[in-house]
Amino acid sequence: MQTQALPGFRDFYPADLALRTHIFQTWRSVAARYGFEEYDGPPLEPLDLYTAKSGDEIVGQLYNFTDKGDRQVALRPEMTPTLARMVAAQAGKLRKPIRWFSIPQLFRYERQQRGRLREHFQLNCDLIGEAGPLGDAELIALAIDVLRAFGLGPGDVRVRLSDRRVLSKLLQHRGVPPSGMSRAYEIIDKIERLRKEQIDELSSRPDVFAPATVSDLVDISRIRGWDHLESELAHSSELSKSGGHLKETYESLSAMGLAEFVDVDLTIVRGLAYYTGVVFEVFDARRTLRAICGGGRYDDLLDAVGGVQLPAAGFGMGDVVLGELLREKGQIPPGGASIDVFMAYITREDLPHVLTLAHQLRDAAVRVEYALTPQAVGKQLKLADSRNVRFAVVVGPDERARDEILIKDLRSGSQESIPMNSLANTIKARMNG
RNA sequence: GUGGUUGUAGCUCAAUUGGUUAGAGCGCCGGACUGUGGCUCCGGAGGUUGCGGGUUCAAUCCCCGUCAGCCACCCCA
């Protein structure tokens with residue numbers, strides 16, 4: 001008998017599930033502010049939904065198997081292919097732009113590390129049928145507002161914003177040939193994680209992006225902020241034109257008052273091959289955790305998956321790293337009481353009255369608990385206290401003789417006798433008070 | 001998948017160079033307090049020292065394997 005969940009999988013005890021619920025509620029409420037509608041798809045998909053796009057090597061990272069109908073299947077590692085299929089199937093009847101979000105549980109067969117499990121939940125927001133920069137800005141603003149709703153500010157989280165079209169033009173301008181572009185992307189992507197020796201080593205041998213050099217790549221990777229980038233783009237009108245979309249995206253965010261969260265930074269490339277334009281990631285400001293959120297524009301994917309030409313952009317935000325950051329920042333809401341009233345009784349003869357009254361309260365939507373095994377009153381109140389409950393009601397022979405019960409406010413310690421038949425009204429009145 | 005590192009009670013951590021019965025705080029349970037919670041005091045339960053093997057008179061400690069966590073790769077949700 002296994003005593004632990006599988007590696008990379010989580011048990012959600014009530015306190016853990018409370019945090020998860022808090023995260024999901026916040027996600028849903030902010031997505032709703034932007035007019036996004038929730039959808040879902042199957043957690044199990046045909047394997048080739050993923051291999052067609054990413055190649056066979058992705059299989060090593062998937063939970064895949066052959067089902068009893070001899071189908072090659074996989075637990076979904078991401079939502080975008082499912083979304084692309086769903087949208088493509090009904091592209092003709094859906095009003096554009098489509099604003100959809102989902103909170104899928106995703107799976108990945110990889111060695112786990114902190115912030116990276118084999119299973120997680122991810123908020124996915126996608127905007128389909130809009131090619132303009134305002135669409136990108138809308139998504140980035142949504143991501144930022146989600147984090148703001150969790151109590152995080154620009155000192156806590158940073159959006160790093162790039163555009164592959166701009167990066168591509170800059171690389172081209174420095175002499176990178178089309179054949180060396182993906183290698184150059186790869187190096188830009190990891191350049192700030194490389195040690196100096198590794199950079200020197202790269203520089204010492206000719207690479208496929210010649211005549212551009214490693215120091216060209218280093219220069220580009222050091223561009224920080226829109227103003228800096230804009231001055232780099234001023235070298236040619238073609239370069240300048242390539243930055244138009246990113247400029248409008250940035251300026252839109254600025255007009256929303258969100259520019260203080262955003263750093264233009266071309267080292268954000270993102271591994272997924274299907275991104276075609278603006279890409280962004282969100283990190284904790286101290287950069288001690290993995291990316292909290294990532295996304296971008298993927299204008300060709302729906303065509304590739306479903307033969308429908310629709311521009312699209314989206315992002316994903318996982319619950320694991322976000323949860324760690326919230327814990328670090330003390331933004332985990334305290335657990336509230338699970339019940340409103342604890343009913344205690346003195347003798348067995350009092351019990352039927354407790355059952356009657358408790359049920360009346362429950363019918364009135366009051367959360368009630370009582371001892372299921374007769375115990376000393378002190379113990380019953382001790383249990384009530386550990387439940388963090390507001391009111392205790394004591395039913396005993398003395399009170400019953402007068403047709404009353406005792407109601408005690410466990411916060412203040414004050415108590416009084418009230419008529420038995422007024423319990424529900426009294427509780428409801430005091431709960432609001 | 002590769003390399004490194006860690007593993008003692010539910011949690012956080014102790015335990016002389018390998019040496020009797022592996023301890024403490026918090027938490028949990030019980031009592032003081034048989035019609036009143038929190039505070040205090042007292043008591044109790046809880047460990048195959050991750051697991052398996054080896055060295056030794058003797059292993060929590062040294063060695064090997066394995067599992068799990070963490071870190072760096074690979075890869076990226």
Side-chain angles (χ1 to χ4, degrees), chain A residues 2-9 13 15 50 54-55 57-63 74-83 102-124 186 189-190 193-195 198 268-275 279 281-282 288-296 314-322 324 342-347 349-350 371 374-401 405-417:
Chain A
Q2 187 128 9
T3 57
Q4 274 190 327
L6 287 168
F9 285 78
Y13 288 87
Y50 307 110
S54 311
E57 67 275 13
I58 191 120
V59 175
Q61 322 255 25
L62 295 178
Y63 266 98
L75 288 170
R76 60 187 174 195
E78 56 168 328
M79 198 59 176
T80 309
T82 299
L83 171 68
S102 189
I103 305 180
Q105 188 173 24
L106 305 176
F107 304 87
R108 199 108 183 178
Y109 195 89
E110 283 187 310
R111 177 166 293 194
Q112 71 158 325
Q113 278 181 47
R114 183 178 185 212
R116 182 183 196 175
L117 308 178
R118 288 180 167 182
E119 146 278 318
H120 74 151
F121 291 91
Q122 190 186 64
L123 171 66
N124 265 251
E186 208 179 297
D189 187 33
K190 63 175 63 165
R193 296 191 296 275
L194 294 178
R195 294 188 304 272
Q198 292 174 293
I268 295 301
V269 175
R270 294 186 60 70
L272 290 177
Y274 53 65
Y275 287 112
V279 286
E281 292 187 354
V282 184
T288 58
L289 304 173
R290 292 162 199 283
I292 299 161
C293 171
F315 72 84
M317 182 187 297
D319 70 315
V320 180
V321 178
L322 177 62
E324 282 169 4
F342 192 98
M343 301 205 60
Y345 48 100
I346 308 299
T347 68
E349 287 67 46
D350 302 314
Q375 295 175 317
V377 189
K379 280 199 125 165
Q380 297 182 60
L381 289 178
K382 202 177 276 246
L383 180 57
D385 188 59
S386 71
R387 294 285 200 249
N388 197 23
V389 61
R390 174 85 187 274
F391 299 106
V393 169
V394 180
V395 180
D398 298 350
E399 288 79 13
R400 274 199 295 116
I405 44 92
L406 194 65
I407 178 168
K408 175 165 185 168
D409 185 323
L410 290 177
R411 282 189 213 159
S412 65
S414 65
Q415 59 183 43
E416 65 175 306
S417 290

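Atom set for the values below is all heavy atoms of this structure, side chains included, hydrogens, waters and symmetry mates excluded. Every chain is numbered from 1, with letters handed out A, B, ... down the list of sequences.
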So what does A/Q122 hit on the nucleic acid, given a heavy-atom distance under 4.0 Å: a base, only sugar-phosphate, or nothing? sugar-phosphate
Taking CG from A/L62 and C1' from B/C76, how many angstroms apart are they, rounded to a whole number? 12 Å
Separation of the C1' atoms in B/C67 and B/G52, to the nearest angstrom: 10 Å
Contact class for A/G378 (heavy atom, under 4.0 Å): base, sugar-phosphate, or nothing? sugar-phosphate
With rounding to the closest Å, how many angstrom separate the P atoms on B/C73 and B/C28? 42 Å
Earlier contact from the 5' end, RNA chain B, for A/R108 and A/G413: A/G413
Looking only at heavy atoms, which two atoms of A/A74 and A/L62 are closest? And how far apart? CB-CD1, 4.2 Å
Using ring-ring contact (aromatic ring centres under 6.0 Å, His included) as the criterion, list what pairs up with A/Y63, not counting sequence neighbours. A/F9, A/Y109
Per atom distances to the A/L381 side chain, the nearest of B/G35, B/U36, B/A72 is B/U36
Determine the contact category for A/E281: base if any of its heavy atoms lies under 4.0 Å from a base atom, sugar-phosphate if only primed atoms, P, OP1 or OP2 are that close, otherwise nothing. nothing
Looking at the side chain of A/R114, which of B/U36, B/C71, B/G35 is the nearest nucleotide? B/C71
Find the distance between OH (A/Y50) and OG1 (A/T82) and round it off to the nearest 0.5 Å. 4.0 Å
Could you tell me the separation between the CD atom of A/Q113 and the P atom of B/C74, rounded to a whole number of Å? 11 Å
Nearest-nucleotide wise, let me know which of A/S412 and A/P77 is further upstream toward the 5' end of RNA chain B. A/S412
If one requires at least 3 consecutive Watson-Crick or G-U pairs with distances under 3.5 Å, the stems of RNA chain B turn out to be B:1-7 with B:67-73, B:10-13 with B:23-26, B:28-32 with B:40-44, B:50-54 with B:62-66
Given 3.5 Å as the limit, does a donor-acceptor pair link the side chain of A/R290 with the main chain of A/R114, or not? yes
Which residue pairs pass the side-chain hydrogen bond (donor to acceptor under 3.5 Å, both in side chains) test when at least one of the two sits in residues 381-392 of chain A, sequence neighbours left out? A/E369-A/R387, A/R390-A/D409
Partner set under side chain to side chain contact (heavy atoms under 4.5 Å, CB included) for A/K379, not counting sequence neighbours: A/Q375
How far does CG of A/L106 sit from CG of A/D319, to the nearest 0.5 angstrom? 9.5 Å
Which nucleotide in the list B/G1, B/G37, B/A68 gets nearest to the side chain of A/R111? B/G1
For A/V320, report the nucleic acid contact type (base, sugar-phosphate, nothing); a contact means any heavy atom under 4.0 Å. nothing
Between A/G316 and A/N124, the two heavy atoms sitting closest are CA-ND2, 4.3 Å
Going from CG on A/L117 to CG on A/L6, what distance comes out if it is rounded to the nearest 0.5 angstrom? 12.5 Å
For B/U20 and B/U49, measure between their P atoms and round to the nearest Å. 15 Å
Separation between the C1' atoms of B/A24 and B/G47, rounded to whole Å: 15 Å
Please report the distance, rounded to the nearest Å, between CD in A/E110 and P in B/U2. 15 Å
Identify the pairs formed between an N or O of the protein and an N or O of nucleotides 9-12 of chain B at a distance under 3.5 Å, and give each distance.
none

Given B/U36, B/G37, B/G3, which nucleotide is nearest the side-chain atoms of A/Q415? B/U36
When rounded to the nearest Å, what value does the distance between C1' atoms of B/C71 and B/A14 take? 26 Å
In whole angstrom, give the distance that lies between atom OH of A/Y345 and atom P of B/U36. 16 Å
If I take atom CG in residue A/L383 and atom P in nucleotide B/U36, what distance separates them, rounded to the nearest angstrom? 17 Å
Euclidean distance for C1', B/U8 against B/G50 (whole angstrom): 10 Å
Take nucleotides 27-33 of chain B nucleotide by nucleotide from the 5' end and write B, S or -, depending on whether a protein heavy atom sits under 4.0 Å from the base, only from the sugar-phosphate, or from neither. ---SS--
Would you say A/I346 and A/V377 make side-chain contact, with heavy atoms under 4.5 Å? yes
For A/L106, answer base if it contacts any base atom (sugar-phosphate contacts may also be present), sugar-phosphate if it contacts only those atoms, and nothing otherwise; contact means non-hydrogen atoms under 4.0 Å. nothing
Just the rounded figure in Å: distance from P of B/C70 to CZ of A/R290. 10 Å
What is the nucleic acid contact for A/D398, judged by heavy atoms within less than 4.0 Å: base, sugar-phosphate only, or nothing? base
Quick one, A/V393 and A/L406 - any side-chain contact, counting heavy atoms below 4.5 Å? no
From A/L75 CG over to A/R118 CZ, what is the distance, rounded to the nearest 0.5 angstrom? 12.5 Å
C1' spacing across the pair B/A22 / B/U5, given as an integer number of angstrom: 25 Å
Please determine which of A/Q122, A/E119, A/H120 meets the side-chain contact (heavy atoms from CB on, under 4.5 Å) test together with A/Q105. A/E119
Could you give the distance from OG1 (A/T80) to OH (A/Y274), rounded to the nearest 0.5 Å? 3.5 Å
From NZ of A/K408 across to P of B/G35 the rounded distance in Å is 15 Å
Closest listed nucleotide, where the reference is the side chain of A/D385 and the choices are B/G37, B/U2, B/C71: B/G37
Measuring only the C1' atom in each nucleotide, how far is B/U60 from B/U48? A whole number of Å is fine. 13 Å
Separation of B/G38 atom P from A/R411 atom CZ, nearest Å, is 18 Å
Test for a donor-acceptor pair under 3.5 Å between the base of B/G35 and the side chain of A/Q380, counting only N and O atoms. no
Among B/G35, B/C74, B/G1, the one nearest A/L406 by side-chain distance: B/G35
